[in-house]
Novice: 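Supplied in structure tokens, the structure appears directly below.
Counting convention: from 1, in listed order, for ligands and their atoms alike. Just so it is clear, the model here is predicted, and its values are computed rather than measured.
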Amino acid sequence: MQSEIDLLQGLNDKQLQAVTLPHISALILAGAGSGKTRVLTTRIAWLIQTSQTSPMGLMAVTFTNKAAKEMLTRLTSMLPINTRGMWAGTFHGLCNRMLRAHYREAGLPSTFQILDTADQLSAIKRVMKVMNVDDEKYPPKQAMGYINGCKEEGLRADAVDAYDGHSQKLREIYAAYDQQCNRDGVADFAELLLRCYELLQREPHIRAHYQQRFQYILVDEFQDTNRLQYLWLKLLGGAHNSIFAVGDDDQSIYAFRGARVGNMSDFQRDFKVENIVKLEENYRSHSNILDAANAIITNNTNRLGKNLWTSAGKGEPIRIYEAYNDTDESQFIVDEVNMLQNEGVPLSDIALLYRSNAQSRILEHSLFSANIPYRVYGGLRFFERAEVKHALAYIRLIANANDDTALLRIINFPPRGIGARGLEQLQEGARQNDCSLWQAATNKVGEGMLGSKGLEGFVGLIRHMIDQTYGITLGEVAEMVINLSGLMAHYQNDKEGEDRVENLQELVTAAVAFSKQDLGNHHNMEEDADLMTQFLNHASLEAGDHQADVGHEALQLMTVHAAKGLEFHSVFIGGVEEGLFPHEQAAYENGGLEEERRLMYVAVTRARQRLYLSYAQSRMLHGQVRYGIASRFIDEIPEDLTKRLNSKPAAKTYATGGQYTPAKSTQSSYPFKIGQGVRHGKFGEGVIVSYEGNASDLAVKVNFGSAGLKTLMLEYAKLEKI
Ligand SMILES: Nc1ncnc2c1ncn2[C@@H]1O[C@H](COP(=O)(O)OP(=O)(O)OP(=O)(O)O)[C@@H](O)[C@H]1O
Ligand SMILES: [Mg+2]
């Protein structure tokens, strides 16, 4: 066992002070890379090592499941303790766990399912249809935003103020939606928190139990907590005044999800926090990067104010690249990534960050063509893929046949002849009897109504699946479901279904791995009916996490939001253009620009050694060419910290007024049409896929079949039409 000295070694004085604070609420307020997360983790280890608490006597709240896992891994490397069963996770994960333990008191079925965002939207659409609400006047997405916003404020429908007809209608939708969720026994993400909060508020003995148990509560990324999360923490930690919060007001980037920086000052006031520790030494980045980040963020007015310095030396200049278009930009990134790899930087230590998800497509395309393995972190994750969700919907029905959302997803998928009319009748039946769709379906089949062959087949299928489930393992359930449902056959017949078939197979692997990992090897469904529910929750809650953890070396692609708390040797920030970053919508929102600037601050401070910023003179966006100028955030960085890398000058032409116009390269100047067959001396026959560059150095991408995709300079390629 390591000694106490070891654990605290290497911390600076301020960090040491923070780690070893007495048992009373404290706020660690510090800039990016100053060791907040490290302090929080070390404090946990120190509290346990010095027997001030046991692993079960504390709760740690982090922002993502990945962060929670990392924290536990770090802990076990510091102390030989068993971290299983520790209460470390996200707000959602922890609330879910409490609700499972007290489902009766919370008014939920033991197997309640979690609706993800897509499920929630479709549930809201259904409610609105039943209520006959015009979805042009009340777009379902807006209703969803309204409902979640209310929940994040801790308000049920009957407690919301509605001052006009429009908001009254939204409130009605909220109430009806809640009713439907209660009937189905399902909970959306925001509901997990609100219901848990209400549970703790309503049930003094449960509250007392957790207050007693969690002598220490530690919260990372405190600046991004919303109102309800704050109230929840206050309820749990208020009694002992035992919350240890770390955060950085300059990194508050979730206002759109209700995050309130104001929680930091409320916390100081409500908990009479006297211990405010400021960490000022940055251990992550070289000073060029840090100075750039500081220079950007000083343009914000609403700040608590902190200084950050580093002893790491200036390091490399920040590289700024002006591309002539988006293809050029992503090609530049690919070339630099290759160079970094040659220098020995592992791919997984390089990140490509972008402001909006849609920007990843072209980057992915270039990486794919260049054969660079990459992973989209936080993008479309495994458990979010359509075929996987279809299969999970069958499993959800096995666990709880009254789950309308799951039923609607697959009642006619794969197609079994249940049309829109049949479905409407079913919904009508459910409405009349105030029952679930499944009950309506079994009633209908029971009455032997004509013309419902498809429905009969469906009801029979689900019943058969339920029967089959007894006595087999979770992995076998998954396998049975993808086969009996017809999903496997459906995708096998689909020419483009190869990936989907693999994903279904992977789901079986995931189910097998899940039962092994969490509950030992020999469980079958009879012994542990719960396992299925746990697996379904795992799928909803931890979507994508195990995908991102795969040991395979891969370049990391993600939005700036998803990069919070992480660090990389090299970071590329693409599309640093006015309108993209800052995002054009920010201009219309109150405080929007300052939030964008905080996002930029987060992005820049992810880099340890090398930082690239790039922007393009023109890019395709939503199907249209858009001409861009460099972001104001680039102008905010002092010139002497940067190095400009120029794009190929031939591409640039300036029109009057300083506006860029792209070099003209019209379709007519291309010698081959897209799709034209061509022959190449070395690669043989192929098909023209696309053009890149402009007239003076036009490159063409050709698919040579077995020889693969090649990008060739047209001038030298000597292609012949065939
Ligand atoms: N005293 C120290 N000595 C050496 N390295 C340190 C020290 N403190 C922190 N670090 C390192 O500095 C980096 C940043 O630390 P950490 O991630 O804890 O910062 P943070 O304040 O949580 O950053 P962010 O605001 O981005 O979440 C990590 O690589 C960490 O290991
Ligand atoms: Mg951190």
Side-chain angles (χ1 to χ4, degrees), residues 5-20 26-46 60-75 77-78 88 90 218-225 244-254 259 261 264 277-287 289-290 292-294 296-297 303-304 306-313 315 348-349 351 353 556 558 560-571 573 598-609 611:
I5 312 283
D6 280 342
L7 204 58
L8 303 177
Q9 218 169 33
L11 298 176
N12 67 35
D13 284 355
K14 289 276 179 171
Q15 291 177 328
L16 181 67
Q17 186 198 343
V19 166
T20 57
L27 176 64
I28 314 305
L29 175 66
S34 57
K36 295 183 296 298
T37 303
R38 175 158 167 170
V39 160
L40 188 137
T41 314
T42 313
R43 178 166 170 86
I44 295 176
W46 179 74
V61 192
T62 61
F63 208 72
T64 59
N65 292 308
K66 188 174 156 68
K69 268 186 207 150
E70 261 170 30
M71 178 178 291
L72 294 181
T73 315
R74 271 215 227 170
L75 256 182
S77 74
M78 289 193 245
T90 61
L218 303 98
V219 192
D220 200 358
E221 308 273 6
F222 186 69
Q223 76 279 357
D224 272 328
T225 48
F244 183 88
V246 314
D248 176 5
D249 57 310
D250 289 332
Q251 294 187 71
S252 170
I253 54 174
Y254 279 91
V261 194
M264 293 182 111
V277 182
K278 294 193 175 183
L279 310 174
E280 296 186 334
E281 178 165 5
N282 173 297
Y283 288 92
R284 180 178 293 146
S285 316
H286 282 96
S287 73
I289 295 173
L290 201 58
N294 285 335
I296 292 170
I297 201 70
R303 302 180 61 213
L304 298 176
K306 292 170 295 290
N307 293 317
L308 267 187
W309 61 276
T310 173
S311 61
S348 56
D349 214 6
L353 308 183
Q556 311 280 306
M558 67 193 87
V560 180
H561 281 104
K564 201 162 81 142
L566 307 178
E567 62 184 36
F568 305 90
H569 174 282
S570 293
V571 169
I573 309 174
R598 288 192 293 272
L599 259 177
M600 188 66 186
Y601 175 77
V602 169
V604 166
T605 53
R606 297 309 97 199
R608 292 201 302 266
Q609 306 270 338
L611 175 66

Novice: Quick one: pull up CD in Glu280 and CG in Leu29 and give me the separation to the nearest 0.5 Å.
Specialist: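 Answer for the CD-CG pair, Glu280 versus Leu29, is 9.5 Å.
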
Novice: Begin from the C-alpha positions of Phe63 and Phe222 and carry the test ring-ring contact (aromatic ring centres under 6.0 Å, His included) through to its verdict.
Specialist: CA-CA 9 Å; Phe63 208 72; Phe222 186 69; over 10 Å; no

Novice: Only one of Lys564, Arg303, Arg598 clears salt bridge (charged side-chain N to carboxylate O under 4.0 Å, His left out) with Asp250; which?
Specialist: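 So, applying the salt bridge (charged side-chain N to carboxylate O under 4.0 Å, His left out) to Asp250 and each of Lys564, Arg303, Arg598, only Arg303 qualifies.
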
Novice: From Gln15 CD over to Thr42 OG1, what is the distance, rounded to the nearest 0.5 angstrom?
Specialist: 8.0 Å

Novice: Give, for atom CG of Leu308 and atom NZ of Lys278, the distance between the pair rounded to the nearest 0.5 Å.
Specialist: 11.5 Å

Novice: Just how far is it from atom OG of Ser34 to atom CG of Leu290, taken to the nearest 0.5 Å?
Specialist: 10.0 Å

Novice: Can you pull every nitrogen or oxygen pair between ligand 1 and the protein closer than 3.5 angstrom?
Specialist:
{"residue": "ligand 1", "atom": "1 (N)", "partner": "Gly10", "partner atom": "O", "Å": "2.8"}
{"residue": "ligand 1", "atom": "1 (N)", "partner": "Gln15", "partner atom": "OE1", "Å": "2.8"}
{"residue": "ligand 1", "atom": "5 (N)", "partner": "Arg38", "partner atom": "NH1", "Å": "3.4"}
{"residue": "ligand 1", "atom": "8 (N)", "partner": "Gln15", "partner atom": "NE2", "Å": "3.0"}
{"residue": "ligand 1", "atom": "17 (O)", "partner": "Arg284", "partner atom": "NH2", "Å": "3.1"}
{"residue": "ligand 1", "atom": "18 (O)", "partner": "Thr37", "partner atom": "N", "Å": "3.3"}
{"residue": "ligand 1", "atom": "18 (O)", "partner": "Arg38", "partner atom": "N", "Å": "2.9"}
{"residue": "ligand 1", "atom": "19 (O)", "partner": "Gly35", "partner atom": "N", "Å": "3.1"}
{"residue": "ligand 1", "atom": "21 (O)", "partner": "Ser34", "partner atom": "N", "Å": "3.2"}
{"residue": "ligand 1", "atom": "21 (O)", "partner": "Gly35", "partner atom": "N", "Å": "3.1"}
{"residue": "ligand 1", "atom": "21 (O)", "partner": "Lys36", "partner atom": "N", "Å": "2.9"}
{"residue": "ligand 1", "atom": "21 (O)", "partner": "Lys36", "partner atom": "NZ", "Å": "2.8"}
{"residue": "ligand 1", "atom": "22 (O)", "partner": "Thr37", "partner atom": "N", "Å": "2.9"}
{"residue": "ligand 1", "atom": "22 (O)", "partner": "Thr37", "partner atom": "OG1", "Å": "2.8"}
{"residue": "ligand 1", "atom": "23 (O)", "partner": "Gly33", "partner atom": "N", "Å": "2.9"}
{"residue": "ligand 1", "atom": "23 (O)", "partner": "Arg284", "partner atom": "NH2", "Å": "3.1"}
{"residue": "ligand 1", "atom": "25 (O)", "partner": "Lys36", "partner atom": "NZ", "Å": "2.6"}
{"residue": "ligand 1", "atom": "25 (O)", "partner": "Gln251", "partner atom": "NE2", "Å": "2.8"}
{"residue": "ligand 1", "atom": "26 (O)", "partner": "Arg284", "partner atom": "NH1", "Å": "2.8"}
{"residue": "ligand 1", "atom": "26 (O)", "partner": "Arg284", "partner atom": "NH2", "Å": "3.1"}
{"residue": "ligand 1", "atom": "26 (O)", "partner": "Arg606", "partner atom": "NH1", "Å": "2.8"}
{"residue": "ligand 1", "atom": "26 (O)", "partner": "Arg606", "partner atom": "NH2", "Å": "2.8"}
{"residue": "ligand 1", "atom": "29 (O)", "partner": "Glu567", "partner atom": "OE1", "Å": "3.3"}
{"residue": "ligand 1", "atom": "29 (O)", "partner": "Glu567", "partner atom": "OE2", "Å": "2.6"}

Novice: So, taking the atom named OG1 in Thr62 and the one named NZ in Lys69, what distance separates them when rounded to the nearest 0.5 Å?
Specialist: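 Here the rounded value is 11.0 Å.
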
Novice: Taking side chain to side chain donor-acceptor pair (under 3.5 Å) as the criterion, tell me which of Arg608, Gln556, Gln609 meets it with Asp349.
Specialist: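 The side chain to side chain donor-acceptor pair (under 3.5 Å) with Asp349 is passed solely by Arg608 among Arg608, Gln556, Gln609.
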
Novice: Listing by chain and number, what protein N/O/S atoms are under 2.8 Å from the Mg ion (ligand 2)?
Specialist: Thr37 OG1

Novice: Measuring from Leu8:CG to Leu16:CG, what's the distance to the nearest 0.5 Å?
Specialist: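 The CG atom of Leu16 is 5.5 Å from CG of Leu8, to the nearest 0.5 Å.
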
